[in-house]
Amino acid sequence: MKNIQVLYFASLREQCGKESENIQTSCETPLALYEELRSRYDFSLPGGQVKFAVDNAYVDADSFLMDGMELLLLPPVAGG
Amino acid sequence: MGFQIQSTPVLPQDFLHHLEDPACGAVVQFEGRIRNHNDGLNVNGLHYEAHADFAEAEGNRILTEAQERFAIGRCHAVHRIGSLGIGEIAVWVGVSSPHRQEAFLACRWIMDEIKQRAAIWKKEEYSDVDPKWVGIADTTESDASEARYQRQVNLPHFGTEGQQKLKNAKVLVAGCGGLGCPALQSLVAMGVGTITLCDGDRIALDNLPRQILFGDADLGRNKAEAAADKLRQLNPGLSFRPVAEMITSENVDALLENQDVILDCADNFGITYLLNDAGLKNGIPLIQASVHQFEGQLNVFLPESEGGCYRCLWPEMPAPGCVQNCAEAGILATTTTAIGNQQAMEAVKLLLGWKDLHHDCTLLTDLRSGITRRLTRKKNTDCPTCNGRSMQLSSVKILELHSPDLHNLLSNIQKVDLREEEEISQSPPSGSWTPAPRMTWEALPQQLDKSTPVLCACSTGIRAQAVGEWLQAQGYTVYIWKAHATDVPQND
Ligand SMILES: [Zn+2]
């Protein structure tokens with residue numbers, strides 16, 4: 001199991017009602033973790049439409065999750 | 001009603017009958033009189049000359065524009081020429097309107113425009129120095145602007161060359177709402193020379209808490225026009241081109257022509273994709289931003305850059321039900337003004353050639369926590385726009401009661417009512433419609449036929465636009481109704 005610090009932004013933050021949390025997971029990739037969280041929080045966006053970032057850079061949805069990572073989950077935003 | 005030039009004394013009572021209108025409860029008159037001093041010199045009198053034909057033609061254009069801009073009844077203006085003594089009336093403007101706000105605003109606007117635009121010159125006769133001829137527009141610009149911009153010129157890497165670059169710059173601001181208002185306010189205060197501002201929407205009451213260029217007197221006016229009027233007052237030396245239309249695939253190339261940078265301050269994905277694709281095609285940098293509650297996302301997209309474009313980041317437009325807009329999620333002026341000013345800051349860096357431009361990254365700002373993050377982006381090798389394949393889609397079209405082809409179009413169209421069930425049962429639309437409450441939006445493509453156009457309607461046009469843009473991106477031909485669904489005439 002890995003410990004991942006997950007940070008939620010914009011509509012995801014609103015839908016799960018928290019800004020961040022520590023998640024214990026066996027998921028290998030950000031996308032797999034998002035799908036797990038999606039079923040927990042009923043996120044409206046499909047996994048293909050969310051961006052992931054680690055260490056101040058976007059990462060691919062199928063990159064490797066490592067123990068102790070801080071993972072940002074970013075939805076697109078339209079308001080103006 | 002009209003604008004007249006006359007050489008005899010101006011007597012206001014002669015013109016009051018031009019303002020009579022039983023629907024008008026407010027009459028505002030302005031008199032411009034000769035005063036005994038100017039710029040520290042004693043003035044004995046003034047001599048006005050005009051190119052009468054030009055001045056009258058321009059004056060009449062100003063009055064016609066005033067009637068288009070403000071909800072007024074009648075207006076009339078007179079300018080005197082010849083020699084005038086102290087205390088005599090040089091110019092008179094009168095406006096009547098149903099309510100006083102518009103009369104005050106229009107009277108002031110007409111007077112300012114006459115000073116700026118009419119072909120009238122004056123010669124001041126002083127007590128102790130030679131007379132001189134000047135245009136009636138205020139101040140000699142170069143003297144004034146040197147002092148005006150001194151504090152920013154003093155900044156490191158700015159200087160008079162920097163100020164000149166801003167003055168020569170041409171900036172397109174797409175959207176005059178929550179982000180557009182503060183961005184425009186700063187660009188104009190800083191002296192950006194030529195600004196094109198576009199918005200097809202009208203000012204509503206719930207816009208006022210964050211769309212900071214507007215006040216109660218602007219309700220119902222087009223946002224681009226009202227913003228341009230306000231900005232002209234803030235800095236009359238600049239040139240403004242208000243475009244009272246939504247940006248679409250039809251007008252985007254013309255709007256982008258000769259622009260140095262685009263600020264995307266719009267509130268919908270359709271316009272962002274359109275500006276991204278058109279900006280890249282025309283080689284124009286795009287400063288894109290959007291907000292959600294207390295958060296902002298900002299990207300600077302440069303053509304030919306390692307960081308790619310908006311489509312690299314978000315290849316597909318999200319389904320409209322998945323991401324909320326400001327109306328649904330809620331929004332605060334402190335967020336929009338902060339992020340709109342970040343866009344203006346990036347525009348300054350870009351125009352002045354500063355190296356710390358935030359390109360090839362996304363700037364995430366959270367106004368509540370105060371945390372700002374900078375996320376590095378890279379080009380998506382599969383991105384169609386970056387690989388030169390034209391992705392520019394045609395835009396949704398707007399349908400209104402007075403659209404010329406309305407009845408023809410309505411005879412063969414799939415009508416979709418995007419309101420919730422409760423709203424529909426309270427005020428059902430006439431004719432046959434597909435009811436589509438929010439829960440069912442994602443399934444709409446399975447219900448609709450691509451070979452027949454689609455009309456999207458709701459209660460204001462906001463939901464219609466969001467869903468319409470998304471359907472259009474999937475290959476449907478979409479019309480959106482910019483009013484209440486029940487206003488669509490029955491045609492079946
Ligand atoms: Zn791209």
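Protein chains get the first letters and strands the later ones, always in sequence-line order, with residue 1 at the start of each. Owing to the predicted nature of the structure, the values given are computational and were not obtained by experimental measurement.
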Which bit of [X] is near chain A, if near means a heavy-atom gap under 4.5 Å: side chain, backbone, both or neither?
X       : answer
D366(B) : side chain
E316(B) : both
I271(B) : neither

Part of A53(A) lying under 4.5 Å from any heavy atom of chain B: side chain
Atom group of F9(A) that falls short of 4.5 Å from chain B, counting heavy atoms: both
Flag if over 12 foreign heavy atoms under 6.0 Å of CD, E306(B): no
Atom CE of M1(A): over 12 foreign heavy atoms under 6.0 Å: yes
Do the side chains of [Y] and [X] get nearer than 4.5 Å, heavy atoms only?
X       : Y       : value
E295(B) : L74(A)  : no
Y58(A)  : K378(B) : no
L313(B) : K51(A)  : yes
E14(A)  : H292(B) : yes

Approximate separation, where rounding is to 0.5 Å, of I371(B) CD1 and E19(A) CD: 8.5 Å
When R374(B), Q211(B), Q288(B), E442(B) are compared by non-hydrogen pairs under 4.5 Å with chain A, the top option: R374(B)
Best-contacting candidate, T362(B), N268(B), T272(B), against chain A by heavy atom pairs under 4.5 angstrom: T362(B)
Side-chain donor/acceptor of T376(B) to backbone N/O of N56(A), under 3.5 Å: yes
Sidechain-backbone polar pair: S290(B) side chain, V77(A) backbone, donor-acceptor under 3.5 Å: yes
Selection from V54(A), L72(A), L45(A), D55(A) maximising heavy-atom pairs under 4.5 Å formed with chain B: L45(A)
Pick from S44(A), A57(A), P76(A) with the largest number of heavy-atom pairs that fall under 4.5 Å of chain B: P76(A)
